[in-house]
Student: 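Just passing along the structure, written as structure tokens.
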Amino acid sequence: MFDLKLIRDNPDFFDSGWKRRGLPPQTAQILAMDETRRTVMTALQELLAKRNEASKQIGVLKGKLKGGTNDEVEALMAEVAGYKDKLAALEEDEKKHSAALNDFLSTLPNIPHETVPDGGGEKDNVEVRRIGQPKGMNNPKDHVDIGAALGGMDFETAAKMSGARFVLLRSGIARLERAIAQFMLDTHTGEHGYTEMSVPLLVRDEALYGTGQLPKFADDLFKTGNGLWMIPTSEVSLTNTVLGDILEADELPLRLTALTPCFRSEAGAAGKDTRGMIRQHQFYKVEMVSITEEDKSMDELDRMVGCAENILKKLDLPFRTVTLCTGDMGFSAQKTFDIEVFLPGQNAYREISSCSNCGDFQARRMMARYKKAGEKATRFVHTLNGSGVAVGRCLIAVLENYQQADGSVVIPDALKPYMGGVEKLEPVGERKSGKVANA
RNA sequence: GGACAGGUGGCCGAGUGGUUGAAGGCGCUAGUCUCGAAAACUAGUAUAGGUGUAAGCCUAUCGAGGGUUCGAAUCCCUCCCUGUCCGCCA
């Protein structure tokens, strides 16, 4: 959401920002709607003031008359009664115009930061660094084949109960997924200063509005029969911990992390990444969220990217980090870095983390503010979120990068403490049911 | 899920439908006093919005949203949240 005063004062700044995202100018319409709204609001307030004045008089007079009445009181009451229709009409008008303006504003994306490169899509993202060398492999298999050989990745069984885009993991691979998640959480809490959180997975409209998924992206979400929504990322739950709050500056930054399942309807992704675990309706993700002061968020973004990269470094997975261009950034973001891990099975770098600074965009929607010691005024916090990292995709990356010629998968050193002595996942022979896997 | 009881400023807590943005207390800030501090005393102490060069003026806000009324913290309805008891349950 945006500061209307700022839009009034700097319409060009906003229009050029939206233009960089490929949108036409918006401020002319915003300002026209705002103008109408304020005109109506002023008229309403003036009439309210008159009514309040008269009603106060009535109170005073009735007090003197001990609750009785006289001509003067009757005249005043008649006067106020005359305002009634006008007042109701103005009130309705004011509501209508405010709602219209709000609805319009709530569908507009954040303004890109000046350091974000221009561009229309993925191809225009700018690589900032590349860490680690892909190991040369002869005919590397992709995670689906590796998983099948290990007897631990089963899409058919998942499909029976849940349909497409679900997976069922067994035995060693199930444990590996858990190991990855534990390792990441331990690293963020133990080395990166994040506080581990266990959060609701079902949230209300307000929470999703706050982080920007609603009202525009309802189609991407799952909704329960009770009107609650399943979180598409724990960014929603972690960021909304400060919904409506006024924090003290010295409590900041808040650095929160959580491991949660994420639920995405993947509407509009038909035909995309249909093979394997890349794009599922449900997946685990370790998320990082930072709540900072307004002048600290860009430094925090670099720090957060570093935390996510550190996970991949410890796992010794080759990756590259890119700055998303204006055309590829998400709705709420002011600036975003994606981390792409190398997948031998695809011979390509694929997104495994996305770290964004949202500036005050979400904070305005959530009314999340902070106060500096000794200052009266409140300011909006800045919010950042980043995957640290996506567990499912990390599992894929480990399987593909640590596969051996014999079909086994070596456990990365960093994960060994979490694997109960298992150092390698071995392929199993053909099984009749396919439902038994090695440990 | 059922039955009660509640939700008032940073906190506690009063509030008969009428000059109540809201008593009183605590806390906080400043001043007086003091060598200094404490105590005491005095004063100040919400947020958002509209309007104005400004001082200011106006509007809204007592969990949220509707309604009744000339006028609502107060009466009515719906919802949310908290507490207690019962039921159910991992």
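Numbers restart at 1 for each chain; the letters A, B, ... are given by sequence-line order, proteins then strands.
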Student: Quick one: sort the A:Y194 and A:H188 rings into parallel, tilted or perpendicular, breaks at 30° and 60°.
Tutor: perpendicular
Student: May I have the distance from A:R38 (atom CZ) to B:U59 (atom P), rounded to whole angstrom?
Tutor: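 In whole Å, B:U59 P and A:R38 CZ are 19 Å from each other.
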Student: Within the pair A:K84 and B:U69, is there a side-chain N or O less than 4.0 Å away from OP1 or OP2?
Tutor: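 Answer is yes, contact under 4.0 Å.
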Student: Say you pick atom P in B:U68 and the same atom in B:U61; how far apart are they, in whole Å?
Tutor: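 Straight-line distance between the two P atoms is 16 Å.
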Student: Using the C1' atom as the point on both nucleotides, what is the distance between B:C79 and B:C85, in whole Å?
Tutor: 24 Å
Student: Pair A:D219, A:R264 - check salt bridge (charged side-chain N to carboxylate O under 4.0 Å, His left out), show working.
Tutor: CA-CA 9 Å; A:D219 287 351; A:R264 301 191 180 174; over 6 Å; no
Student: If pairing requires Watson-Crick or G-U wobble contacts with both distances under 3.5 Å, which nucleotide is the partner of B:G36?
Tutor: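 Its partner: none found.
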Student: Using Watson-Crick or G-U wobble geometry with both distances under 3.5 Å, which nucleotide pairs with B:U16?
Tutor: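 Answer to the pairing question: none, since B:U16 forms no Watson-Crick or G-U pair.
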Student: For B:U53, give the paired nucleotide (Watson-Crick: N1-N3 plus N6-O4 or O6-N4; G-U: N1-O2 and O6-N3; both under 3.5 Å), or none.
Tutor: none
Student: Given atom CG of A:L76 and atom P of B:G18, what is their separation to the nearest angstrom?
Tutor: 18 Å
Student: Does B:C81 have a Watson-Crick or wobble partner in any strand here, with both distances under 3.5 angstrom, and which is it?
Tutor: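 Matched B:C81 with B:G6 under the 3.5 Å cut-off.
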Student: What integer number of Å spans the C1' atoms of B:U20 and B:U8?
Tutor: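 Comparing C1' positions in B:U20 and B:U8 gives a spacing of 12 Å.
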Student: Measure the distance from CD on A:Q45 to P on B:G56 and round it to the nearest whole Å.
Tutor: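 Going from CD in A:Q45 over to P in B:G56 covers 19 Å.
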Student: Could you please name the partner base of B:U42, counting Watson-Crick and G-U wobble pairs only when both distances are under 3.5 Å?
Tutor: B:A30
Student: Just verifying a value: how many Å separate A:T27 OG1 and A:Q29 CD, rounded to the nearest 0.5 Å?
Tutor: 10.0 Å
Student: When all nucleic acid strands are considered with a 4.0 Å heavy-atom cut-off, which category describes A:K95: base, sugar-phosphate, or nothing?
Tutor: sugar-phosphate
Student: If you only use heavy atoms from C-beta on, which nucleotide in B:G50, B:U59, B:C70 is closest to the side chain of A:L48?
Tutor: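 It is B:U59.
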Student: Which nucleotide sits closest to the side chain of A:K5: B:G50, B:C70, B:A48?
Tutor: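 Ranking B:G50, B:C70, B:A48 by closest atom to the A:K5 side chain puts B:G50 first.
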Student: Can you tell which of B:U19, B:U59, B:U51 lies closest to the side chain of A:K56?
Tutor: B:U19
Student: Using the P atom as the reference point in each nucleotide, state the distance between B:G63 and B:G13 in Å, no decimals.
Tutor: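 Per the computed distance, 14 Å lies between those P atoms.
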Student: Which base sits across from B:A72 as a Watson-Crick or G-U pair, both distances under 3.5 Å?
Tutor: none
Student: Could you please spell out the steps behind the side chain to side chain contact (heavy atoms under 4.5 Å, CB included) verdict for A:R37 and A:K95?
Tutor: CA-CA 9 Å; A:R37 179 186 132 263; A:K95 254 180 230 166; over 6 Å; no
Student: Once you round it to whole Å, what is the distance between P of B:G71 and CD of A:Q57?
Tutor: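 Answer to the nearest Å: 16 Å.
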Student: Using a 4.0 Å heavy-atom cut-off across all strands, classify A:R364 as base, sugar-phosphate, or nothing.
Tutor: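 Contact class for A:R364: none.
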Student: Can you check salt bridge (charged side-chain N to carboxylate O under 4.0 Å, His left out) on A:R379 and A:D360, steps first, answer last?
Tutor: CA-CA 9 Å; A:R379 308 160 189 245; A:D360 64 5; over 6 Å; no
Student: Quote, to the nearest angstrom, the P distance that separates B:G15 from B:C75.
Tutor: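 B:G15 and B:C75 have their P atoms separated by 12 Å.
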Student: Given that both distances must come in under 3.5 Å, which nucleotide forms a Watson-Crick or G-U wobble pair with B:C88?
Tutor: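 B:C88 is paired with nothing.
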Student: Hey, which of these two, A:T42 or A:L87, hits RNA chain B nearer its 5' end, going by closest nucleotide?
Tutor: A:T42
Student: I'd like the P distance from B:A23 over to B:C77, given in whole Å.
Tutor: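 It works out to 29 Å between them.
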Student: Before giving the answer on salt bridge (charged side-chain N to carboxylate O under 4.0 Å, His left out), spell out for A:E248 and A:K371 the whole-Å C-alpha distance, their side-chain angles and the decisive distance to 0.1 Å.
Tutor: CA-CA 5 Å; A:E248 298 295 333; A:K371 203 184 268 187; over 6 Å; no
Student: CZ of A:R369 versus C1' of B:A46: gap in Å, rounded?
Tutor: 11 Å
Student: For B:C62, what is the paired nucleotide under Watson-Crick or G-U wobble rules, both distances under 3.5 Å?
Tutor: none
Student: Rounded to the Å, how far apart are A:E94 CD and B:A48 C1'?
Tutor: 13 Å
Student: Considering just the side-chain nitrogens and oxygens of A:R51, establish if one lies under 4.0 Å of OP1 or OP2 belonging to B:C70.
Tutor: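 Checking B:C70 against A:R51, no side-chain N or O comes under 4.0 Å of OP1 or OP2.
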Student: Pick base, sugar-phosphate or nothing for A:A54, based on heavy-atom distances below 4.0 Å to the nucleic acid.
Tutor: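 No contact at all - A:A54 keeps every heavy atom at 4.0 Å or more from the nucleic acid.
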Student: So if I take every side-chain heavy atom of A:T378 and compare against B:U19, B:A48, B:G18, which nucleotide ends up nearest?
Tutor: B:A48
Student: Among B:U19, B:G71, B:U51, which is the nearest nucleotide to the side chain of A:S55?
Tutor: B:G71
Student: Over all strands shown, is A:I58 touching base, sugar-phosphate only, or nothing at heavy-atom distances under 4.0 angstrom?
Tutor: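 Base, at least one base atom sits under 4.0 Å.
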Student: Would you say that A:K424 contacts A:V409 through its side chain, given a criterion of any heavy-atom pair below 4.5 Å between the two side chains?
Tutor: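 A side-chain contact under 4.5 Å is absent here.
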Student: Expressed as a whole number of Å, how far does the C1' atom of B:G25 sit from that of B:C81?
Tutor: 27 Å
Student: Using the P atoms only, state how far B:C26 lies from B:A43, rounded to an integer number of Å.
Tutor: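 The same atom, P, in both gives a distance of 14 Å.
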Student: Respond yes when some side-chain nitrogen or oxygen of A:N52 is under 4.0 Å from OP1 or OP2 of B:A60, and no when none is.
Tutor: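 Looking at the OP1 and OP2 atoms of B:A60, one of them is under 4.0 Å from a side-chain N or O of A:N52.
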Student: Rounded to whole angstroms, how far apart are CD1 on A:I246 and P on B:C28?
Tutor: 20 Å
Student: Closest nucleotide of RNA chain B for A:R37 versus for A:R204: which of these residues is on the 5' side?
Tutor: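 Checking each residue's closest nucleotide, the 5'-ward one belongs to A:R37.
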Student: I need the CG-P distance between A:L61 and B:G18, as an integer number of Å.
Tutor: 16 Å
Student: Among A:T326, A:N357, A:T323, A:T115, find the residue that satisfies the side-chain hydrogen bond (donor to acceptor under 3.5 Å, both in side chains) test when tested with A:K335.
Tutor: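 Among the candidates, only A:T115 passes.
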